[in-house]
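Reviewing the structure listed below.
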Amino acid sequence: MSSILEIAICVPLSKTFDYLCTQKVAIGARVEVPFGHRTKVGIVLAKKRKSEFEKLKSVAKILDDEPILDQSIIDFLLWAANYYHHPIGEVIFAALPKNLRLGKPAVIKKTIAIPAVISKPDFETTTEQQNAITKILQYSGKYHGFLLHGVTGSGKTEVYLHIAQAALNQGKQVLVLVPEIGLTPQMISRFQARLKTRIATIHSQRSEAQKLDAYLMAKSGEAGVILGTRSAIFTPLPNLGLIIIDEEHDSSFKQQSGFRYSARDLCFVRAKQGNIPVVLGTATPSLEMLKRVIDKKITRLKLANRASGVLLPKVSLLDMRSETGALSSLLLEKMRLHLEGGKQVMLFINRRGYAPVYFCTECSWKAQCTHCDSGMIYHRHINRLKCHHCGVEQVPQQACPDCGKQALEVFGYGTERLEETLSSHFAGVEIIRIDRDTTRRKKAFEQHLEQINSGKPCIIVGTQMLAKGHDFSNLALVGIMDIDGGLLSNNFRGTEYLAQLLIQVSGRAGRTGKQGEVAIQTRYPQHPIFNYVLSNRYTQFADILLKQRAKAILPPFSQQALLCSNAKNKQLAEEFLQEALGLIKRIQISGVEVWGPVANSIEKKADYYYFNLYLQSTDRKALHQMLATFNEYADTLKLKNKVRWYLDINPIE
Ligand code: ADP
Ligand code: ZN
Ligand code: ZN
């Protein structure tokens, strides 16, 4: 007798598909099914008695004897598909490691080892740490959200290790989410050194085979700790007892293409579903989490002091209005002093490459990407101009394409040029540059970190890859350059992000031994943000920002959704949103405001023109009802196949 199966397939349609099957198959198993002229991998979601369709096709092949998704993870994925208004098939497939998406066998190639020896810390937990640990443990086996708000160097990781150990002792699994790459090597080694369990790691530096092994060992319950970047939130974990999100404020928890979800927001849903605690750690909480604290939805646990007892760094401003070079003379002087004292120094500049501008000194010509609304960045080691938006490269012109004069020069600084300038100022001092160009090779980042951790005096130059969580014990001085762009940002979250960045980068200085020092170069020393950053008063600054947001009814005091359309034909991209706006206006749901369509701040990217339509409401239900109704009728939009379009729920850009 054949049964009817409801199957999810990775196609951009908000529906599932019915197939016949004569064999026994588990819910959550993968199957191969005929789809159009091809076969596709699908996941069995349910068995049905009846189908509304006639003439069903049959499953071609069953790929798994055992389900690869259990019912609780299927429920979680269904919830996410519904909340993000995204096709269920695409949601499920985004949650699977690539090898499973491709239909490869679900077998473990190499078992993850349990560490042979583990070490004990050579210190006792501080009273603040102990207090946080005790509070969190009171909630084991119950849903509760905690914001672990600990200043940089307050020993949040130590708290994670204690609560993870307690969960492991009860036979539970622990899911730890960390931001993209940066933090992972150090975090992994800290967990491996302390916890006697298999630690499955899931992040971009792992091979597909390793990711599959990690996934399967998590799913079987063999791995006690799963440490991964945002997509790890979808790992099936039969004994999940605790979720930890480190550096909660980090924007890499938001997926910005395809299925656009926030792992940070989803962790609450998963914790509620599993009836377990969730702990979000950071020195610079997002306004979203602070609002949850105010609303008493989560509990704030404070670590106000550094674990080592060292004071937070002394922050000063260097007024660049009277300076001509990239580095102020005072900063150079401070660097020299610290290096002579055997210390390490870090310079933060959030731009890779040699120089951001290649221009003509005679006329005003500037090298622009022909595919994007963006300037070309000069990279010296390859002697190429590169677009950081679409990746296109070209050999720099010798003469100006406009006036023909041989008067082309670079302007401004990126990490590469800064490294060069520094080597002329500090002959013989080792300079370690950390950006996407120097860490592309596998393990390169880890090697750089090892070099820094050797403690030898050196200058570290890097982008925001350095801002996250690193604990460099001999780093005494941090110099922050070129942040003025952030002061003038037109994103309403701009100042929030900048304050977080400044505090995080500053927090790398002077973590052990003596109090560290931070120097911020700016041409806007009177900007109010500095009052707070100089005295490490992030919370007070965040309070002010929250009041401004409340007044303007911006998130987190309202909910937003973005409808983005893009096409090679600019007019079509805009017209589609006009058509969408017409549909939205016809939907009778009150309390949803609409703005737009407006061109994106970077209108053209890789030859596509981007336009945005924003929807906003203080009533989450109304907004989601509106979006669901919109999706239902989106088929009636005439231009729907002429442009690329997507919905982004709680957008951050
Ligand atoms: P955070 O993540 O809060 O910035 P870390 O967890 O990296 O801080 O801890 C900072 C440093 O303090 C680490 O070197 C860690 O080993 C150390 N540390 C943590 N807890 C204690 C403690 N109770 N006593 C002394 N040192 C500690
Ligand atoms: Zn010219
Ligand atoms: Zn480009």
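The chain is numbered in sequence order, starting from 1. As the structure lists them, so they are numbered: ligands from 1, and atoms in each ligand from 1.
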**Prompt:** Between R380, H379, H381, which is the residue that forms a side chain to side chain donor-acceptor pair (under 3.5 Å) with Y354?
**Reply:**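 With Y354 as partner, R380, H379, H381 yield a single side chain to side chain donor-acceptor pair (under 3.5 Å), made by R380.
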Single hit among Q500, Q504, H149 for side chain to side chain donor-acceptor pair (under 3.5 Å) with Y538 |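 For Y538, the side chain to side chain donor-acceptor pair (under 3.5 Å) check succeeds only for Q500.
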Between [X] and ligand 1, is there a nitrogen or oxygen pair with a distance under 3.5 Å?
X: E158; value: no
X: T152; value: no
X: F123; value: no

Between [X] and [Y], does any side-chain donor sit less than 3.5 Å from a side-chain acceptor?
X: D250; Y: S252; answer: yes
X: H144; Y: T299; answer: yes
X: R433; Y: T438; answer: no

Pick one: which of R190, R306, R194 meets salt bridge (charged side-chain N to carboxylate O under 4.0 Å, His left out) with E158?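 The option that passes is R194.
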Taking the Zn ion (ligand 3) as the apex, SG on C387 and SG on C369 give an angle, to 10°, of 110°
C360 SG to C363 SG via the Zn ion (ligand 2), rounded to 10°, gives 110°
Taking only heavy atoms of [X], which atoms of ligand 1 are found under 4.0 Å from at least one of them?
X: R511; result: 1 (P), 4 (O), 5 (P), 7 (O), 8 (O), 10 (C)
X: E124; result: 22 (C), 23 (N), 24 (N)
X: T126; result: 23 (N)

Please determine whether any non-hydrogen atom of R190 lies less than 4.0 Å from an atom of ligand 1.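 Under 4.0 Å: yes for R190.
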Among the heavy atoms of G150, does any lie under 4.0 Å from an atom of ligand 1?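 No.
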On a heavy-atom basis, which atom in L347 and which in M335 lie closest, and how many Å separate them?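 Closest pair (atom of L347, atom of M335, distance): CD1-CE, 4.0 Å.
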task = Inspect the surroundings of NZ in K254 and state if more than 12 heavy atoms from other residues, nucleotides or ligands are less than 6.0 Å away.
result =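 Enclosed: over 12 neighbouring heavy atoms sit under 6.0 Å from NZ of K254.
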Exercise for the section: Measure up the Y532 and F541 rings against each other and bin them: parallel (under 30°), tilted (30 to 60°), perpendicular (over 60°). Expected result: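 Plane angle between 30° and 60°, so tilted.
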Practice problem: Output yes if H388 passes the N/O/S-under-2.8 Å test against the Zn ion (ligand 3); output no otherwise. | Solution: no
At under 4.0 Å between heavy atoms, what of T125 touches ligand 1? The answer is backbone
Going by the 4.0 angstrom heavy-atom rule, the piece of R306 near ligand 1 is neither
